[in-house]
Trainee: 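Take a look at this one; I'll ask things after.
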Amino acid sequence: MDFDLTKEEALFRDSVREFGERYIKPHWVDLDEGKYSLLDLIPRLAEQGLIGLTLSSKYGGSEGSFLMAAIAAEELAYADPSLAVPVYFLLEIAWPFIVQRYAKDSVKEEVLPRLTKGEAWIGIASTEPQGGSDVGNERTEAKLVNGKWLLTGEKNMATGISIALRLPYGGGFVTITRTGPMEARHRAITTMLFMVKRNGVVNTGFETGDYEEWGRRGIPTGYLRLNGAPVDPDFILGEVNNGFKIAMEGFDVARTLIGAAALGTARWMLEQGREWIRSRVVFGKSISSYQSISFKYAELSTRLEAARLMVYRAAWLADKFYRGESVSILDIANAGAMAKMLAVELAIDVGLEVMKWFGGVSYFKETPVTRAFLGALSYYVGAEGAQNILRLIVARNLIGREVE
Ligand SMILES: Cc1cc2nc3c(=O)[nH]c(=O)nc-3n(C[C@H](O)[C@H](O)[C@H](O)COP(=O)(O)OP(=O)(O)OC[C@H]3O[C@@H](n4cnc5c(N)ncnc54)[C@H](O)[C@@H]3O)c2cc1C
């Protein structure tokens, strides 16, 4: 057991930290206010080798580990605690990695080198209006007609659609579709890469629009209404009717990185809080001298350390799994769910506490902690598994399939 990062990992952490200080920190509030565009940052992230960090060098990736990806997600979230930049980063780690594992060579060779250059996007389109948690019950139908899969249905929350439409190549979504009867549930699920724009040409058969969000407003989330949208059969991931496991694998790795992003925003909020409680004098003393505040600071700092250990362990397990060492996909699912559960709930608790320390001024936009809290909230209410679903995963792993 060794709790130290290797020299290479520590240098990598420092380089991402410096990158964040220089290129992200000065813009994060403007990004959240819509006065600065993520598209202006993407070329820099690509230059830094961060987009598709874990992809093969064959596709322009950096061949980094998931532990390095977790380290980077935390640092990017520290620089942009509203979470827009880390969300972009982590989605472009998890879902392109799944494409690299399960797509045909021709698709990988076409899309992934454009993605690592910052010219293409790959996201996830899973959630549907009847309930995103029950993936086995999804209804978006894919039918093979004249050599093309035609998609009909609605994905009501997918991040990055309008980004894909604005990037030069375009991009697509690992899309969960039904290719058999509803009764077959997850045994009739197929994952395919539905391209909203390919090689500069926008696809047909869909409508989209972005929502107005409360937080993390630098990265848009919108809906996809699919009305016969075509997918080339080469863009199926894995086998027809065998897509459920592929989607779950993507969620498993994404969750660990979400946990890492939650660490970064929690760390930033705690630091803001510490500076404030030291300097804020009420009843003649700095409020940090009151134990109801300083003990809470100590407790949250301890939870931050604990959550980081869980996140790192989940990333380390993923690295072992992908190196073919003796780790099962269930180990990753369990560790990823635990990591997201702990770290996201910590970020929410830190945000609420630090806002209380700031008192009334936290309610006004001049105090950026609330902006960070709203970013963390996106991962508390949803995205890659609502918090109860993480409990369901852990309970099923530890107790058994009877857990509902
Ligand atoms: C900012 C943002 C971005 C998003 N981006 C994407 C994206 O890119 N792609 C995508 O596919 N989706 C995306 N989502 C959607 C997200 O993944 C879903 O919100 C999430 O999976 C939960 O689905 P739901 O909101 O439909 O909630 P529901 O499934 O309707 O669940 C509602 C509540 O019931 C609880 N619940 C459900 N089942 C159980 C159970 N068995 N036991 C106990 N409690 C249960 C859940 O925990 C939740 O609290 C995004 C969401 C947000 C907020």
Side-chain angles (χ1 to χ4, degrees), residues 32 38 82-96 98 121-140 151 153-165 171-177 185 189 191-194 196 208-226 243-244 246-248 250-255 257-258 261-262 265 336-337 340-341 344-345 347-348 371-396 399 401-404:
D32 202 48
L38 187 60
S82 82
L83 293 188
V85 178
V87 167
Y88 170 80
F89 166 77
L90 71 89
L91 287 173
E92 298 316 276
I93 297 288
W95 298 103
I98 291 298
W121 163 273
I122 294 177
I124 167 74
S126 165
T127 308
E128 297 185 356
Q130 75 278 355
S133 303
D134 189 3
V135 177
N137 189 35
E138 295 205 349
R139 296 171 195 174
T140 292
L151 308 192
E154 181 172 350
K155 299 294 182 184
N156 65 332
M157 289 179 243
T159 299
I161 307 165
S162 58
I163 292 193
L165 290 171
F173 287 79
V174 173
T175 302
I176 299 180
T177 68
R185 285 187 55 83
I189 294 284
T191 42
M192 44 186 87
L193 188 59
F194 165 61
V196 291
T208 183
D210 285 338
Y211 298 115
E212 226 180 293
E213 285 148 303
W214 292 114
R216 82 170 213 204
R217 292 181 302 165
I219 186 160
T221 295
Y223 60 84
L224 267 179
R225 293 193 189 121
L226 302 157
F244 186 78
I246 295 174
M248 291 304 126
F251 288 128
D252 291 340
V253 290
R255 282 181 192 128
L257 302 180
I258 291 169
T265 194
K340 184 187 172 213
M341 191 199 301
V344 169
E345 289 174 15
I348 292 297
R371 222 182 261 285
F373 172 78
L374 288 171
L377 195 61
S378 71
Y379 279 140
Y380 185 68
V381 296
E384 268 87 357
Q387 294 302 99
N388 274 357
I389 299 309
L390 307 175
R391 285 169 170 76
L392 191 63
I393 293 166
V394 174
R396 275 193 184 152
I399 301 172
R401 301 297 302 172
E402 76 269 24
V403 174
E404 293 250 338

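These numbers come from a predicted model, not from an experiment. Atoms within a ligand are numbered from 1 in the order they appear, just like the ligands themselves. The figures here come from the full heavy-atom set of this structure, side chains too, leaving out hydrogens, waters and symmetry mates. One is the number of the first residue; the rest follow in order along the sequence.
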Trainee: Any idea which protein heavy atom is nearest atom 27 (O) of ligand 1, and the distance to it?
Mentor: Ser133 OG, 4.1 Å
Trainee: Which protein non-hydrogen atom lies closest to atom 4 (C) of ligand 1, naming both residue and atom, and how far is it?
Mentor: Thr159 OG1, 3.6 Å
Trainee: Are Thr159 and Thr221 close enough that a side-chain donor and a side-chain acceptor fall under 3.5 Å?
Mentor: yes
Trainee: Give a yes/no verdict on a cation-pi contact between Arg185 and Phe244, requiring under 6.0 Å between NZ or CZ and the six-membered ring centre and an angle within 45° of the axis.
Mentor: no
Trainee: What residue and atom, counting heavy atoms only, is the protein's closest point to atom 46 (C) of ligand 1, and at what distance?
Mentor: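 The protein heavy atom lying closest is Ala386 CB, 3.7 Å.
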Trainee: So which of Ala395, Gly382, Pro220 gets nearest to atom 19 (O) of ligand 1, if we judge by its closest heavy atom?
Mentor: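 When every heavy atom of Ala395, Gly382, Pro220 is considered, Gly382 comes closest to atom 19 (O) of ligand 1.
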Trainee: List the closest protein heavy-atom neighbour of atom 9 (N) of ligand 1: residue, atom name, distance to the nearest 0.1 Å.
Mentor: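 Sorting protein heavy atoms by distance from atom 9 (N) of ligand 1 puts Ile124 O, 2.8 Å first.
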Trainee: Non-hydrogen atoms of Arg391 versus ligand 1: any pair closer than 4.0 Å?
Mentor: no
Trainee: Scan Ile246, Thr127, Ile189 and name whichever one has a side chain to side chain contact (heavy atoms under 4.5 Å, CB included) with Ile176.
Mentor: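 In the set Ile246, Thr127, Ile189, the residue that makes a side chain to side chain contact (heavy atoms under 4.5 Å, CB included) with Ile176 is Ile189.
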Trainee: Can you spot which of Val344, Leu90, Leu390 makes a side chain to side chain contact (heavy atoms under 4.5 Å, CB included) with Arg255?
Mentor: Leu390
Trainee: For atom 41 (N) of ligand 1, what is the nearest protein heavy atom, given as residue, atom name and distance?
Mentor: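 Protein heavy atom at minimum distance: Leu392 CD2, 4.2 Å.
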Trainee: Tell me which protein heavy atom sits closest to atom 16 (C) of ligand 1, plus the residue, atom name and distance to 0.1 Å.
Mentor: Ala383 N, 3.0 Å
Trainee: I'd like the name of whichever of Ile389, Thr127, Asn388 reaches closest to atom 38 (N) of ligand 1 through any heavy atom.
Mentor: Ile389
Trainee: Checking Lys155 side chain against Ile124 main chain: does a donor-acceptor pair fall under 3.5 Å?
Mentor: no
Trainee: Which residue holds the protein heavy atom closest to atom 26 (O) of ligand 1, what is that atom called, and what is the gap in Å?
Mentor: Gly132 N, 2.7 Å
Trainee: Between Lys155, Arg216, Glu213, flag the one that comes closest to atom 2 (C) of ligand 1 by a heavy atom.
Mentor: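 The residue whose heavy atom sits nearest atom 2 (C) of ligand 1 is Arg216.
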Trainee: Go through ligand 1 atom by atom and flag the ones less than 4.0 Å from a non-hydrogen atom of Ser126.
Mentor: 10 (C), 11 (O)
Trainee: Got a protein heavy atom sitting under 4.0 Å from atom 33 (C) of ligand 1?
Mentor: no
Trainee: Among Gly131, Gly123, Gly375, whose heavy atom sits nearest atom 30 (O) of ligand 1?
Mentor: Gly131
Trainee: Considering only the protein, which heavy-atom contact is closest to atom 51 (C) of ligand 1, and what is its distance?
Mentor: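 Of the protein heavy atoms, Met157 SD, 3.6 Å lies nearest.
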